[in-house]
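Keep in mind that the numbers below use all heavy atoms, side chains included, and drop hydrogens, waters and symmetry copies. Every chain is numbered from 1, with letters handed out A, B, ... down the list of sequences.
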Number of protein chains: 2
Amino acid sequence: MNTEFTPYYAVIFTSIQTENIEGYAEMAKQMEDLAKNQAGFISIDSARNAVGITVSYWESLEAIKHWKQHTDHLIAQQKGIKDWYAYYNVKICKVEREYSFNERS
Amino acid sequence: MNTEFTPYYAVIFTSIQTENIEGYAEMAKQMEDLAKNQAGFISIDSARNAVGITVSYWESLEAIKHWKQHTDHLIAQQKGIKDWYAYYNVKICKVEREYSFNERS
């Protein structure tokens, strides 16, 4: 926390699935792999129980915008709305500071 | 997205547990209930698979600071470092915009 911190961006995607999740896991994997290859991508974390939370981190708002509009991603979004999601929420956030604990360090 | 948006804050807590999670679930529930009673608390979402993600939302940075320093929460944090977490990362973020989809609306 004493070093200079360069702000970056987080996309918090929170979702509740429908009962029809056929094809979902494959598409989720495909989109994660694709996201990782986009310019400005930093990292991604995902977990799902009653609610699913995926947080992806990006260097800039432009990178997020490009990813949102990526053709294959648009197709996945439409499929998600049509079949897989009962609800979702997307939050665009600026990461202002952070700290970590690691038992091995 | 056409209405005025009041920024608020997200705390993204990402963690990997140790193998010793005795007492963890009870403490997690207790901390979630306690957080919900703090001034400035908005909401919280949690999910865990290989990685655990808990995102809590707050009205201000001051509210986050107070919650971080809450006596019972400090005890939980120490216990977490000592026993339950192999790794964690905390990111303080400003939510700049958001949008939702709801199949029922």
Side-chain angles (χ1 to χ4, degrees), chain A residues 1 5 7-20 25 28 32 42-58 60-61 64-65 68 77-105, chain B residues 1 5 7-20 25 28 32 42-58 60-61 64-65 68 77-105:
Chain A
M1 296 297 289
F5 181 76
Y8 56 98
Y9 293 86
V11 180
I12 305 174
F13 180 79
T14 311
S15 64
I16 296 170
Q17 294 181 322
T18 62
E19 287 173 11
N20 168 28
E32 189 171 321
I42 299 171
S43 65
I44 188 166
D45 291 310
S46 243
R48 178 177 298 279
N49 303 134
V51 68
I53 307 172
T54 295
V55 192
S56 57
Y57 300 99
W58 303 84
S60 67
L61 291 174
I64 292 170
K65 194 174 171 188
K68 192 188 176 202
Q77 289 169 47
Q78 286 309 313
K79 181 95 175 116
I81 287 173
K82 186 171 163 285
D83 290 340
W84 297 317
Y85 294 123
Y87 167 83
Y88 70 67
N89 173 277
V90 178
K91 291 179 169 68
I92 314 292
C93 313
K94 186 177 186 179
V95 181
E96 299 193 335
R97 56 194 186 86
E98 68 179 307
Y99 55 92
S100 288
F101 160 74
N102 193 325
E103 67 176 356
R104 275 167 296 216
S105 62
Chain B
M1 296 302 288
F5 182 75
Y8 56 98
Y9 293 86
V11 180
I12 306 174
F13 180 80
T14 311
S15 65
I16 296 170
Q17 294 181 321
T18 62
E19 285 172 14
N20 167 28
E32 188 171 322
I42 299 171
S43 66
I44 188 166
D45 291 310
S46 244
R48 178 177 299 280
N49 303 133
V51 69
I53 307 172
T54 295
V55 192
S56 57
Y57 300 98
W58 303 84
S60 67
L61 291 173
I64 292 170
K65 195 175 170 187
K68 192 188 176 200
Q77 289 168 46
Q78 287 309 313
K79 182 94 174 116
I81 286 174
K82 185 173 163 285
D83 290 339
W84 296 319
Y85 295 122
Y87 167 82
Y88 70 66
N89 174 277
V90 178
K91 291 178 170 68
I92 314 292
C93 314
K94 185 177 190 181
V95 181
E96 299 194 334
R97 56 195 185 84
E98 68 180 306
Y99 55 92
S100 289
F101 160 74
N102 193 326
E103 67 177 356
R104 276 166 298 215
S105 62

Specify the closest pair of heavy atoms between [X] and [Y], including all atoms of both residues, with the distance to one decimal.
X        : Y         : answer
Tyr8(A)  : Lys91(B)  : OH-CE, 2.6 Å
Tyr87(A) : Ser100(B) : OH-OG, 3.9 Å
Thr18(B) : Tyr85(B)  : CG2-C, 3.6 Å

Please verify the inter-ring angle class for Phe101(B) with Tyr88(A); under 30° counts as parallel, over 60° as perpendicular, anything in between as tilted.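 Ring orientation of Phe101(B) relative to Tyr88(A): tilted.
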
Counting heavy-atom pairs closer than 4.5 Å to chain B, which one of Ser46(A), Ala50(A), Gly80(A) comes out on top?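 The option with the most such pairs is Ser46(A).
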
If you tally heavy-atom pairs under 4.5 Å against chain B, which of Val95(A), Asn49(A), Val90(A) wins?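 Going by pairs under 4.5 Å, I would pick Val90(A).
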
Which bit of Ala86(A) comes within less than 4.5 Å of chain B, counting heavy atoms only: side chain, backbone, both or neither?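 Both backbone and side chain of Ala86(A) come within 4.5 Å of chain B.
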
Please look at Ile81(A) and chain B and tell me whether the side chain, the backbone, both or neither of the residue comes under 4.5 angstrom of a heavy atom of that chain.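 For Ile81(A), backbone and side chain are both near chain B.
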
Taking side chain as C-beta onward, heavy atoms only, is Tyr57(A) less than 4.5 Å from Asp45(A)?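 Of all side-chain heavy-atom pairs linking Asp45(A) with Tyr57(A), at least one is under 4.5 Å.
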
Just give me the residue among Ile53(B), Leu61(B), Thr54(B), Val51(B) that pairs up with chain A most often, heavy atom to heavy atom, under 4.5 Å.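 That would be Ile53(B).
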
Measure distances from Phe13(B) to the heavy atoms of chain A and classify the residue's part below 4.5 Å as side chain, backbone, both or neither.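 Interface part for Phe13(B): neither.
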
